[in-house]
Structures are given as C-alpha cells and as structure tokens.
Amino acid sequence: MVASQLNADFGYMIVFGLLASIPAMILGGPLFASLIAKKVHVELPAHEQQEKGEREGGPIPSFALSISIVIFPLLLIGLKTIVSRFIDEKSDLHNWLALIGHPFTAILLACLIAFYVLGVRRNIPNDRIMEICSSALQPAGVIILVTGAGGVFKQVLIDSGVGDALGNILAGSGLPIVILAFILSASVRVIQGSATVAMLTACGLIIPILEPLNLGGAQLAAITIAIGGGSIVLSHVNDSGFWLANRFLGLSEKQTLQTWTVMETIIGTTGGIVAVIISAFL
Ligand SMILES: O=C(O)[C@H](O)[C@@H](O)[C@H](O)[C@H](O)CO
C-alpha cells in the first residue's frame with residue numbers, strides 16, 4: 001500500500017524488505033525472547049490449560065491442518081494483491097479477487113472453514129461451537145474499541161491540521177529523508193496507536209516533500225521500509241496489537257510493556273536502521 005503510494009520499486013521492496021526483516025526477526029524473536037524470559041514469567045493462559053483427556057472432539061488436530069487454516073486468509077489476501085496487479089481492473093476476475101481477497105471476506109471464509117473442519121467434522125455440537133466462538137470474541141471487544149478510538153484520533157489529527165504542522169516542523173529540520181520518514185511514522189504511531197494509520201498518515205505527509213526530489217524507485221523503497229519500521233515501534237495502550245497480545249496471552253499491562261512493546265520497538269528500529277544503511281549506499 002505504502003510502496004504503491006510512494007511509487008517505490010516492487011523488486012527492491014522485496015529485497016530491502018528481506019534485508020530488514022531477517023535481522024529484525026532474529027533480534028526481536030529468539031534473541032530478545034531468551035533475555036526477557038529470564039525476567040518475565042508468564043503462566044499459560046487459562047483457556048490453554050486443558051489436560052489432554054478434557055479435549056473435546058477426539059484427538060488434537062494435526063499441525064498441518066491448523067496452520068493451513070491460519071494461512072488460508074493470508075493466501076487469499078496475497079493472491080488478490082499480487083494477481084490483480086497483472087490483470088485488467090474492470091475484469092470479472094479482478095472483482096472476484098477483490099471480494100475474496102478483502103480481509104473481511106478472507107477471514108470470514110477461514111472462520112467458516114474452521115467451524116466445519118475443527119468443529120462439525122469432529123462431532124462437536126453446534127451449541128459448543130457457538131460457546132467457543134463467543135469466548136474468543138470476548139477479548140476482541142476492547143481491541144475493537146481501541147482501534148475505533150485510534151481511527152477517531154487519526155481524524156482529529158488530520159482535521160485539526162496537527163499532522164501537517166508536525167510534517168512541516170520535521171521537514172524543516174534538515175534531517176536526511178529516510179530518517180525523517182522513520183520519525184514521522186513513529187510519531188504518528190505513538191500518538192494514535194495503529195501501525196496502518198501511522199504508515200498512511202506518514203505517507204500523506206511525506207509525499208509533498210518527496211515530489212521535488214525526484215528520487216528513484218530504490219530510494220523510495222528504502223523510504224517505504226523506514227516508514228514501515230517507524231510505524232511498528234513503541235506499541236502501547238492505544239494500539240490494538242498491544243491488547244491482542246495482552247488478552248490472548250494472559251499478560252498484565254506491565255508484562256505486555258516489558259515484552260510486546262520492547263519487541264515491537266526492536267523490530268521497528270532494526271527496520272529503520274537497515275533502511276538508513278541501504279539508502280547510504282544508493
Ligand atoms: O491498527 C493496526 O495497524 C494494528 O493494530 C497494528 O498496530 C498492529 O497491531 C501491530 O502493533 C503491528 O506491529
């Protein structure tokens with residue numbers, strides 16, 4: 001989304017994305033986890049603490065089946081993003097892909113498949129499936145609320161002109177454009193929470209600054225990575241991702257700040273640093 005708005009080169013995006021994500025994944029994943037695990041101890045959340053004998057509907061589903069259901073909506077969304085670049089926008093196929101590749105439809109289809117494969121086919125009664133779905137929806141309430149509030153706050157930023165003012169202050173700071181992109185995106189992220197909104201707002205603020213510079217597709221790809229990195233740092237109470245980790249992993253707010261927030265900051269900052277290093281070589 002950001003790459004196409006900035007006209008970044010698709011090929012460079014994949015290469016730079018890999019260069020940024022691999023170290024980010026290693027640092028934020030196993031390395032950070034092995035350090036923080038010594039400090040923060042978390043029990044398995046109550047809903048996971050089920051003995052084998054208590055499990056309903058026969059044996060535990062296979063790993064391949066479970067992962068396929070999780071990956072299914074991502075495949076549909078990916079299919080739409082990639083294939084629709086190469087086909088006529090007015091064709092039926094394009095419209096169908098837009099329908100099944102929309103996150104709402106893709107996740108709804110995955111849920112229906114999960115109800116059937118993990119529930120009905122394993123002889124779990126409908127009432128029980130309904131009960132499981134309701135308990136899964138419960139922690140989502142606060143997440144939806146925070147996301148909604150984040151959207152409202154984004155509009156306040158836009159309508160009040162604070163976003164533009166912030167953009168102008170930073171634009172006049174004389175910082176290299178990649179660092180500027182990172183700081184802009186990170187500031188919006190910290191203020192309103194959503195990574196998606198941070199990226200799109202940063203995009204809108206940086207496009208007018210980029211236009212006169214006539215940068216190539218590779219430079220624009222590095223800037224896109226910097227915007228992506230900035231949008232991930234410092235996830236805290238106004239980000240739905242924060243509450244997702246908090247609720248589903250059964251963490252306290254303090255533990256979420258110690259683990260999730262730091263992990264997100266490591267990932268985002270690594271992405272930003274890699275983008276700065278890449279752009280220095282372009
Ligand atoms: O609204 C959003 O774009 C999301 O909620 C994100 O903010 C993620 O949850 C996560 O924090 C990304 O790392």
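Whatever order the structure lists them in is the order used to number ligands and atoms, beginning at 1. For this chain, numbers begin at 1 and follow the sequence in order.
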Quick one: does Met199 get within less than 4.0 Å of ligand 1, heavy atoms only? no
Does Phe32 form a side-chain contact (heavy atoms from CB on, under 4.5 Å) with Leu27? I'd like the steps, not just the answer. CA-CA 6 Å; Phe32 173 62; Leu27 292 174; over 6 Å; no
Would you find a donor on one side and an acceptor on the other, under 3.5 Å apart, between the side chain of Thr269 and the backbone of Ile266? no
Can you find a heavy atom in the side chain of Ile209 that is under 4.5 Å from one in the side chain of Ile207? no
Identify the two heavy atoms, one from Ile225 and one from Met13, that lie closest to each other, and give their separation to 0.1 Å. CD1-CE, 3.8 Å
Protein heavy atom at shortest distance from atom 2 (C) of ligand 1: Ser194 OG, 3.3 Å
In this structure, atom 13 (O) of ligand 1 is nearest to the protein heavy atom Glu264 OE1, 2.5 Å
Atom 5 (O) of ligand 1 - nearest protein heavy atom and its distance: Ser240 OG, 2.7 Å
Ranked by distance from atom 9 (O) of ligand 1, the top protein heavy atom is Gly241 CA, 3.0 Å
With a 4.0 Å heavy-atom cut-off (strictly under), which part of Gln192 contacts ligand 1: side chain, backbone, both or neither? neither
Would one find an N or O of Ala195, backbone or side chain, under 3.5 Å from an N or O of ligand 1? yes
Reported CG-to-CG distance for the pair Leu249 and Leu244, which is rounded to 0.5 angstrom: 8.0 Å
Suppose I only count heavy atoms of Arg189 and a 4.0 Å limit; which atoms of ligand 1 are within that range? 7 (O), 11 (O), 13 (O)
Nearest protein heavy atom with distance in Å, relative to atom 3 (O) of ligand 1: Thr196 OG1, 2.4 Å
Ligand 1 versus Asp239, non-hydrogen atoms closer than 4.0 Å: side chain, backbone, both, neither? side chain
Heavy-atom closest pair (His236 atom, Val190 atom, distance to 0.1 Å) is NE2-O, 2.9 Å
Hey, quick one: are Val15 and Ile22 part of the same hydrophobic cluster, counting side-chain heavy atoms closer than 4.5 Å, chains of contacts allowed? no
Within the 4.5 Å heavy-atom criterion, are Ile267 and Met25 side-chain neighbours or not? no
Taking non-hydrogen atoms only, is Trp260 closer than 4.0 angstrom to ligand 1 via side chain, backbone, both or neither? side chain
